[in-house]
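Below: one structure, written as structure tokens.
Along the sequence shown, residues are numbered consecutively beginning with 1.
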Amino acid sequence: MASFDGPKFKMTDGSYVQTKTIDVGSSTDISPYLSLIREDSILNGNRAVIFDVYWDVGFPETETKTKTSGWSLSSVKLSTRNLCLFLRLPKPFHDNLKDLYRFFASKFVTFVGVQIEEDLNLLCENHGLVIRNAINIGKLAVKARGTLVLEFLGTRELAHRVLWSDLGQLDSIEAKGEKAGSEEQLEAAAIEGWLIFNVWDQLSEPEE
């Protein structure tokens with residue numbers, strides 16, 4: 001039975017985020033974990049899933065160096081209030097990633113990210129992957145708060161401006177740079193997903 005049995009990290013409000021990292025192989029079934037993410041988004045987050053994508057960039061000698069050539073999706077992070085799923089993807093992609101394609105194409109899930117326009121274009125152009133219902137959290141913040149600069153802020157800065165959260169836990173990991181261990185890097189990823197979830201949760205609340 002699928003479970004998020006990776007490290008569990010305590011957030012600044014006392015809650016915990018449970019993690020799972022998967023190296024996706026040709027026989028790896030990721031659908032149970034995507035289902036758990038979907039279920040938690042329904043129970044605890046208005047069907048919102050925070051997503052982030054990571055790229056490998058390389059230019060083979062025989063390949064023309066266009067704007068998008070050489071960009072290959074290497075990993076995907078999906079976060080909810082309580083869960084953080086980190087998928088390390090294979091090269092080349094296997095058929096079992098059809099589950100990920102279907103998940104992203106769902107009209108019943110809102111995928112929320114930071115500065116996502118270029119990522120959305122690359123996903124479509126390089127991998128034929130379309131996120132059907134995506135929201136740039138920065139643009140939502142501008143609409144809710146009326147401050148244009150919010151659209152251009154990264155995760156840390158946006159969370160600080162919207163939530164005024166204590167970011168000391170994240171700062172201490174980021175200060176280590178490349179010296180941070182793999183579990184610390186996973187913790188930082190979990191914190192960032194949790195922060196953006198809380199930004200979404202606050203900004204999407206109906207005004208009284």
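In the hydrophobic cluster analysis, where Ile, Leu, Val, Met, Phe, Trp and Tyr join through side-chain heavy atoms closer than 4.5 angstrom, Val149 is grouped together with Ile137. The cluster map of Ile, Leu, Val, Met, Phe, Trp and Tyr, joined by side-chain heavy atoms under 4.5 Å apart, puts Val49 and Phe108 in different clusters.
Scanning for side-chain contact (heavy atoms from CB on, under 4.5 Å) contacts around Gln115 gives an empty result, with sequence neighbours left out. Partners of Phe4 under the ring pair (Phe, Tyr, Trp, His ring centres under 6.0 Å) rule, at least two apart in sequence or in another chain, do not exist in this structure.
Counting all heavy atoms, side chain and backbone alike, Leu78 lies closest to Leu34 at CD1-CD2, 3.7 Å. In terms of heavy-atom proximity, Ile116 sits nearest to Asn136 at CD1-N, 3.8 Å. Looking at every heavy atom in both residues, Leu195 comes nearest to Ala159 through CB-CB, 4.0 Å. Nearest heavy atom pair, residue Ser74 against residue Asp56, reads CB-OD2, 3.4 Å. Closest of all the heavy-atom pairs between Val114 and Thr155 is CG2-OG1, 3.7 Å. Residues Ala48 and Phe197 approach most closely at O-CE1, 4.4 Å, considering heavy atoms.
For the pair Lys77 and Phe86, the NZ or CZ position fails the cation-pi test of under 6.0 Å to the six-membered ring centre and within 45 degrees of the ring normal.
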Inset, instruction - Tell me, with the steps shown, if Leu100 and Ile30 meet side chain to side chain contact (heavy atoms under 4.5 Å, CB included). - result: CA-CA 8 Å; Leu100 183 62; Ile30 62 174; 4.1 Å; yes

Legend entry - From CA spacing to verdict: side chain to side chain contact (heavy atoms under 4.5 Å, CB included), Phe111, Phe103: CA-CA 10 Å; Phe111 292 94; Phe103 184 66; 3.5 Å; yes

Inset, instruction - Given side chain to side chain contact (heavy atoms under 4.5 Å, CB included), test Leu73 with Asn126 step by step and report yes or no. - result: CA-CA 9 Å; Leu73 186 63; Asn126 290 11; over 6 Å; no

Inset, instruction - Begin from the C-alpha positions of Leu150 and Leu158 and carry the test side chain to side chain contact (heavy atoms under 4.5 Å, CB included) through to its verdict. - result: CA-CA 6 Å; Leu150 295 176; Leu158 183 61; 4.2 Å; yes

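Crowding of Arg161 atom CZ: a count of heavy atoms from other residues, nucleotides or ligands under 6.0 Å not exceeding 12.
The shortest distance between side-chain heavy atoms of Arg47 and Val109 does not fall below 4.5 Å. Residues His127 and Ser72 meet the side-chain proximity criterion, which asks for heavy atoms closer than 4.5 Å. Taking the side chain as every heavy atom from C-beta outward, Tyr16 and Trp194 never approach each other to under 4.5 Å. Side-chain atoms of Ile22 and Tyr33, non-hydrogen and from C-beta on, do get closer than 4.5 Å to each other.
A salt bridge links Lys139 with Glu117: at least one charged nitrogen is closer than 4.0 Å to a carboxylate oxygen. Ion pairing between a basic and an acidic side chain is recognised when a charged N comes within 4.0 Å of a carboxylate O; Asp5 and Lys20 show such pairing.
Side-chain contact check for Asp119 and Trp55: at least one donor-acceptor pair (N or O, by modelled atom type) lies under 3.5 Å. Side-chain contact annotation: Thr80 with Asn82, donor-acceptor N/O pair under 3.5 Å absent.
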